[in-house]
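Lettering follows sequence order; numbering is per chain, from 1.
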Amino acid sequence: MSENPGRSPDPAGGPRRRQKPAPSDGRRLPARRSRPERPGTGRIRRFRARLLAWYDAHRRDLPWRRRPDDAWAQLVAEFMLQQTQVATVTAYYERFLRRFPTVESLARAPQEAVLALWSGLGYYRRARMLHEAARRIVREHGGEVPSTVDELARLPGIGRYTAGAIASIVFGRREPVLDGNVRRVLIRWQATDGDPDAPDLRKRLWDLAEALVPRRRPGDFNQSLMELGATVCTPRAPGCGVCPLRRSCAARRLGLTEILPRAKRRRTPEALNIVALAVERDGRLLFVRRPARGLWGGLWDLPTEAVACGERPTQALRRLVRRLAGGRRAVGRPVGRITRLLTHRKVTFRLYRLTGTPAARGIPAGRRAGDTGYRWLKPDESGRVGVSRAVQSLIAMLDRHRSRRRFRRPEADRPGRRSRDQLQGAAAEEAGEESGCGTVSLTGTSTDG
DNA sequence: CATCCGTGGCG
DNA sequence: TCGCCAAGGAT
């Protein structure tokens with residue numbers, strides 16, 4: 001055991017060597033050799049044992065852990081959990097599985113129903129890919145979720161992480177996983193400097209994860225790593241005092257837990273201004289379908305128009321109304337505005353209500369290029385189709401606006417009683433506020449130039 | 001390889 | 001308020 005020729009990467013640099021301090025000035029630590037791990041070295045055995053013992057004592061009771069043998073349930077969970085936190089997913093998970101308890105049930109379902117249950121969860125392409133994966137599992141695998149990483153990774157929406165997770169958690173295969181949590185844990189454990197997204201570091205981390213995962217209980221081990229990252233080895237203020245790996249953690253020894261992993265630099269989100277129009281007729285609201293690709297792809301949307309750089313929102317509104325009403329004269333009354341922060345965009349919606357009932361009669365006179373349809377929905381029906389959180393907010397704002405107008409007494413109609421949204425929307429409208437520059441054209445929201 | 005894709009929580 | 005991050009994958 002003193003010699004381990006095939007063993008690597010030793011997180012501490014070697015069986016007997018001490019960990020070299022990680023430079024905090026941005027230099028990288030010397031690259032370590034990464035080769036497949038042979039099981040059984042003392043350090044790695046301790047790592048596994050401590051982590052698994054901790055997991056057995058502290059694992060959270062999560063919905064998908066209650067049916068460990070249900071490959072379909074696990075697959076759904078893994079799709080939902082991609083780039084999404086556990087707390088967010090749990091609200092959607094049970095409802096989705098109740099509606100689609102089997103691969104076949106999802107494979108048969110119309111895309112509309114899938115997106116409706118995904119509404120608000122984000123990254124909607126995942127829903128379409130899960131849908132397609134279910135169909136292919138039925139068609140090509142007899143309805144059984146495949147058990148090897150190679151087969152899994154050929155399915156849409158399944159990459160190396162998800163394939164490893166399913167193979168290990170459901171089928172007990174010795175396959176590693178590397179997600180954001182595992183990456184952070186391992187980077188801290190070995191006090192690795194460098195860009196976590198750099199390919200060479202990624203490869204080394206995959207190699208390390210591969211070396212660490214045991215033959216026995218690989219799924220539990222992988223989950224324990226992720227669980228540790230999610231609950232103890234958190235990005236900020238990690239709970240090192242209760243960490244099962246604290247005795248062997250290089251970052252802790254070197255006082256680098258607050259520094260590692262090195263933060264990614266992100267661009268500041270780009271400002272994007274959108275006018276949206278509420279077109280009401282017979283108690284229904286007009287929705288248009290967004291193009292399948294791009295932002296909020298395939299979801300239903302209110303009619304929108306991008307505000308060009310330097311343009312007043314009202315100009316875009318006029319353009320939108322003209323396009324919808326086929327040149328008819330109609331006006332939009334400002335309802336309010338909302339702002340959504342996306343990963344790399346800050347989208348401001350200004351909502352208007354179309355006034356003038358005759359105008360709504362001829363709508364939609366034409367459709368935008370890329371739109372695949374439109375429909376009129378009653379308020380209680382909007383939950384049945386896929387809509388983004390932004391649209392949910394717009395609808396809620398419209399509802400508040402309506403009830404205010406219906407119930408308020410005239411003397412209550414003073415600025416102090418109006419919501420901030422409406423006030424801002426109205427103020428912006430009156431001021432003829434211009435859109436900020438630097439906006440890009442939103443896919444599917446072309447200015448139909 | 002870089003960029004794109006949503007949303008919510010946290011300090 | 002604001003930046004960062006999350007059980008990533010596709011292009």
Side-chain angles (χ1 to χ4, degrees), chain A residues 59-60 62-65 74-93 115 118-130 132-133 152-166 168-169 176-185 195-200 202-203 206 209 219 222-231 233-238 258 261-270 272 290-299 338-347 386-393 440 442-444:
Chain A
R59 57 183 280 179
R60 291 172 290 178
L62 302 177
W64 41 92
R65 288 184 179 156
Q74 289 297 321
L75 193 64
V76 170
E78 290 300 340
F79 267 78
M80 286 191 171
L81 286 163
Q82 288 169 5
Q83 289 288 283
T84 308
Q85 301 192 16
V86 164
T88 306
V89 167
T90 50
Y92 289 80
Y93 180 73
L115 286 174
W118 209 275
S119 285
L121 194 50
Y123 284 128
Y124 298 93
R125 184 159 39 155
R126 289 182 298 175
R128 295 199 300 277
M129 289 191 295
L130 176 60
E132 178 58 24
L152 285 163
R154 275 187 223 118
L155 294 169
I158 297 186
R160 191 172 177 186
Y161 161 78
T162 305
I166 298 295
S168 64
I169 295 171
V177 298
L178 186 70
D179 70 337
N181 287 316
V182 177
R183 223 186 310 173
R184 184 172 54 254
V185 170
D195 180 359
D197 289 329
D200 59 333
R202 278 209 152 166
K203 177 177 177 0
W206 271 107
N222 284 336
Q223 291 189 85
S224 74
L225 265 178
M226 295 189 275
E227 189 96 336
L228 187 73
T231 63
C233 195
T234 47
R236 283 172 306 262
E258 299 288 346
R262 203 179 81 178
K264 313 175 224 192
R265 51 187 69 144
R266 296 185 187 221
R267 291 184 316 184
T268 59
E270 218 163 355
L272 183 59
R290 298 183 60 86
R293 296 171 177 273
L295 188 61
W296 295 311
L299 300 189
I338 65 164
T339 298
R340 305 291 306 173
L341 261 65
L342 311 185
T343 306
H344 50 283
R345 272 186 259 245
K346 181 178 180 180
V347 189
V387 295
S388 68
R389 190 67 84 196
V391 169
Q392 291 176 18
S393 300
V440 295
L442 185 63
T443 307

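At the phosphate of B:dT3, neither OP1 nor OP2 sits under 4.0 Å from any side-chain N or O atom of A:His344. Checking the phosphate oxygens (OP1, OP2) of B:dT7, a side-chain nitrogen or oxygen of A:Tyr124 falls inside 4.0 Å. Between A:Arg389 and the phosphate of B:dG8, there is a side-chain N or O to OP1/OP2 separation shorter than 4.0 Å.
With sequence neighbours excluded, the residues that form a side-chain contact (heavy atoms from CB on, under 4.5 Å) with A:Arg154 are A:Asp150, A:Glu151.
Rounded to whole angstrom, the span from the CZ atom of A:Arg345 across to the P atom of B:dT3 amounts to 13 Å. When rounded to the nearest whole Å, the span between CH2 of A:Trp118 and P of B:dC5 equals 18 Å. In this structure, A:Asp197 atom CG and B:dC1 atom P are separated by 12 Å, rounded to whole Å.
Contact check for A:Val89 versus A:Trp64: side-chain heavy atoms found under the 4.5 Å cut-off. Side chains of A:Leu225 and A:Asn181 form no contact here, defined as non-hydrogen atoms less than 4.5 Å apart. You'll find the side chain of A:Val387 stays beyond 4.5 Å of the side chain of A:Trp296, heavy atoms only.
A distance of about 16 Å separates the P atoms of C:dC4 and B:dT3, rounded to the whole Å. On the P atoms, B:dA2 is 23 Å away from C:dA7, given to the nearest whole Å. Between C:dT11 and B:dC1, the distance separating the two C1' atoms is 11 Å to the nearest Å.
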remark   = For nucleotides 5-11 of chain C, 5' to 3', base contacts (B), sugar-phosphate-only contacts (S) and non-contacts (-) with protein non-hydrogen atoms under 4.0 Å give BBBBBSS
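Taking 4.0 Å as the cut-off between side-chain N and carboxylate O, A:Arg60 and A:Glu227 count as a salt-bridged pair. Classification of A:Asp197 and A:Arg183 as a salt-bridged pair holds, one side-chain N sitting under 4.0 Å from a carboxylate O.
A residue-by-residue look at A:Leu342 and A:Ala237 shows that A:Leu342 has its nearest nucleotide of DNA chain B further toward the 5' end. Comparing A:Pro199 and A:Gly122 by the nucleotide of DNA chain B whose heavy atom lies nearest to each, the residue mapping closer to the 5' end is A:Pro199.
With hydrogens and angles disregarded, a donor-acceptor distance shorter than 3.5 Å links the side chain of A:Arg126 to the backbone of A:Met80.
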